[in-house]
Chemist: 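Have a look at the structure that comes next, please.
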Amino acid sequence: MLGIGLLLIRLVIGLSFMAHGAQKLFGSFDGGGIKVFGEHFEKLGIKPGVTMALLAGLSEFIGGALFTLGLLTPLAGIVIAGSMVVAILKVHGPNGYWLTKGGYEYCLAILVVAIGVALTGAGQYSLDAVLF
């Protein structure tokens with residue numbers, strides 16, 4: 001059952017991160033694409049905005065894909081966790097803890113899940129289990 005639990009966690013978190021990356025990279029799922037996210041990053045003091053939006057989008061999309069597949073899971077978990085640390089520090093942290101006030105509650109939950117899976121491994125239903 002542990003393997004199924006880890007698979008479910010990886011699927012939800014990984015696919016969600018792929019979707020967030022696709023919003024930044026391609027404008028999918030009502031996302032603004034690189035230019036819009038670049039402008040948003042500039043306003044947050046993350047410069048150069050377009051370059052950092054590209055890196056963030058690639059990190060989220062590739063990290064999410066690796067996490068979903070359970071491939072290089074410790075690396076994928078660290079990439080996702082890193083994205084959440086930036087989101088907490090640059091966007092949600094000043095708003096306090098609660099999500100209802102724009103806080104970092106949700107980002108922290110994802111951060112902990114990503115680190116937890118990175119530390120425990122992807123489980124038996126993963127490419128890591130097959131390859132390593």
Side-chain angles (χ1 to χ4, degrees):
M1 297 312 271
L2 177 64
I4 292 172
L6 287 167
L7 174 63
L8 291 172
I9 291 167
R10 287 193 351 261
L11 288 173
V12 170
I13 300 298
L15 291 172
S16 294
F17 261 79
M18 288 181 71
H20 277 280
Q23 286 179 313
K24 289 177 183 69
L25 295 171
F26 316 119
S28 305
F29 310 110
D30 295 321
I34 293 289
K35 185 174 185 239
V36 169
F37 277 99
E39 291 168 359
H40 180 65
F41 280 18
E42 288 274 344
K43 289 176 187 172
L44 292 170
I46 302 172
K47 298 178 181 182
V50 171
T51 301
M52 297 309 285
L54 176 63
L55 291 174
L58 288 171
S59 295
E60 290 174 358
F61 192 81
I62 294 169
L66 292 172
F67 203 78
T68 299
L69 296 170
L71 178 62
L72 305 174
T73 305
L75 174 64
I78 301 254
V79 168
I80 289 171
S83 178
M84 292 296 89
V85 167
V86 172
I88 290 168
L89 294 176
K90 288 300 215 174
V91 180
H92 301 285
N95 300 323
Y97 180 74
W98 300 109
L99 179 64
T100 54
K101 299 196 186 252
Y104 62 89
E105 172 188 9
Y106 182 68
C107 294
L108 181 62
I110 291 182
L111 169 69
V112 170
V113 167
I115 291 171
V117 173
L119 292 172
T120 61
Q124 68 190 77
Y125 303 111
S126 68
L127 288 179
D128 283 348
V130 172
L131 298 173
F132 307 110

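Counting from 1, the numbers follow the sequence of the chain as shown.
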Chemist: T73 side chain to G121 main-chain N or O, any donor-acceptor pair under 3.5 Å?
Modeler: no
Chemist: Return the minimal non-hydrogen interatomic distance between N95 and G102, and the atom names on each side.
Modeler: ND2-O, 2.9 Å
Chemist: Which residues pass the side-chain contact (heavy atoms from CB on, under 4.5 Å) test with L58, not counting sequence neighbours?
Modeler: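 L25, L54, I62.
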Chemist: Kindly give the heavy-atom pair with the smallest separation between G77 and A118, and that separation in Å.
Modeler: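 Smallest heavy-atom distance, with atoms named: CA-CB, 4.1 Å.
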Chemist: Could you see if M18 belongs to whatever hydrophobic cluster contains I34? Use Ile, Leu, Val, Met, Phe, Trp, Tyr and a side-chain cutoff under 4.5 Å.
Modeler: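 Same cluster.
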Chemist: Only counting residues at least two apart or in another chain, list the ones meeting side-chain contact (heavy atoms from CB on, under 4.5 Å) with S83.
Modeler: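 Only F17, E60 meet the side-chain contact (heavy atoms from CB on, under 4.5 Å) criterion with S83.
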Chemist: Heavy atoms only: give me the nearest A53-G38 pair and the separation to one decimal.
Modeler: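 Where A53 meets G38 most closely, the heavy atoms are CB-N, 3.7 Å.
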Chemist: How would you list, by chain and number, every residue that makes a ring pair (Phe, Tyr, Trp, His ring centres under 6.0 Å) with F26, sequence neighbours excluded?
Modeler: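 By the ring pair (Phe, Tyr, Trp, His ring centres under 6.0 Å) rule, F26 matches F61.
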Chemist: Please enumerate all residues that pass side-chain contact (heavy atoms from CB on, under 4.5 Å) together with A76, with sequence neighbours excluded.
Modeler: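 Partners of A76 by the side-chain contact (heavy atoms from CB on, under 4.5 Å) criterion, ordered by chain and then number, come out as L66, F67.
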Chemist: Atom NE2 of H40 and atom NZ of K24: how far apart are they, to the nearest 0.5 Å?
Modeler: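 Answer rounded to 0.5 Å: 8.5 Å.
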Chemist: Give me each pair satisfying side-chain hydrogen bond (donor to acceptor under 3.5 Å, both in side chains) with a member in residues 41-59, each pair once, sequence neighbours excluded.
Modeler: none
Chemist: If you look only at pairs with a residue in residues 110-132, which of them pass as a salt bridge (charged side-chain N to carboxylate O under 4.0 Å, His left out), with sequence neighbours excluded?
Modeler: none
Chemist: So which pairs with a foot in residues 2-15 pass side-chain hydrogen bond (donor to acceptor under 3.5 Å, both in side chains), sequence neighbours left out?
Modeler: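 Those involving residues 2-15 do not exist here.
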Chemist: Can you name the nearest heavy-atom pair linking G123 to S126, along with the distance?
Modeler: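 Result for this residue pair: O-OG, 2.7 Å.
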Chemist: Hey, what do you get for CG (D30) to CD (Q23), rounding to the nearest 0.5 Å?
Modeler: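 Rounded to the nearest 0.5 Å, the CG-CD separation comes to 7.5 Å.
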Chemist: Among residues at least two apart in sequence or on other chains, which ones pass salt bridge (Lys or Arg N to Asp or Glu O under 4.0 Å) with E39?
Modeler: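 Once residues adjacent in sequence are excluded, the partners of E39 under the salt bridge (Lys or Arg N to Asp or Glu O under 4.0 Å) criterion are K35.
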Chemist: Which residues satisfy the side-chain contact (heavy atoms from CB on, under 4.5 Å) test with V85, sequence neighbours excluded?
Modeler: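 Checked V85 against side-chain contact (heavy atoms from CB on, under 4.5 Å); matches are L89, L111.
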Chemist: To the nearest 0.5 Å, tell me how far I13 CD1 sits from T68 OG1.
Modeler: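 One gets 9.5 Å once the value is rounded to the nearest 0.5 Å.
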Chemist: Hey, does I80 have a side-chain heavy atom less than 4.5 Å from the side chain of V113?
Modeler: no
Chemist: Which residue pairs satisfy the ring pair (Phe, Tyr, Trp, His ring centres under 6.0 Å) criterion with at least one member in residues 108-132, sequence neighbours excluded?
Modeler: none
Chemist: With sequence neighbours excluded, give me every side-chain hydrogen bond (donor to acceptor under 3.5 Å, both in side chains) pair touching residues 104-120.
Modeler: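 Residue pairs with at least one partner in residues 104-120: there are none.
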Chemist: Where do C107 and I88 come nearest, in terms of heavy atoms and distance?
Modeler: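 Closest approach of C107 to I88: CB-CG1, 3.6 Å.
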Chemist: Between CG of L2 and CD of Q124, what distance do you get to the nearest 0.5 Å?
Modeler: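 So the CG of L2 and the CD of Q124 are separated by 7.5 Å.
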Chemist: Should side-chain heavy atoms under 4.5 Å link Ile, Leu, Val, Met, Phe, Trp and Tyr, which residues sit in the same cluster as V12?
Modeler: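 Once heavy-atom contacts under 4.5 Å are chained together, V12 still belongs with nothing else.
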Chemist: Distance check, rounded to the nearest 0.5 Å: L44 atom CG versus M52 atom CE?
Modeler: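 Between L44 CG and M52 CE, I get 11.5 Å after rounding to 0.5 Å.
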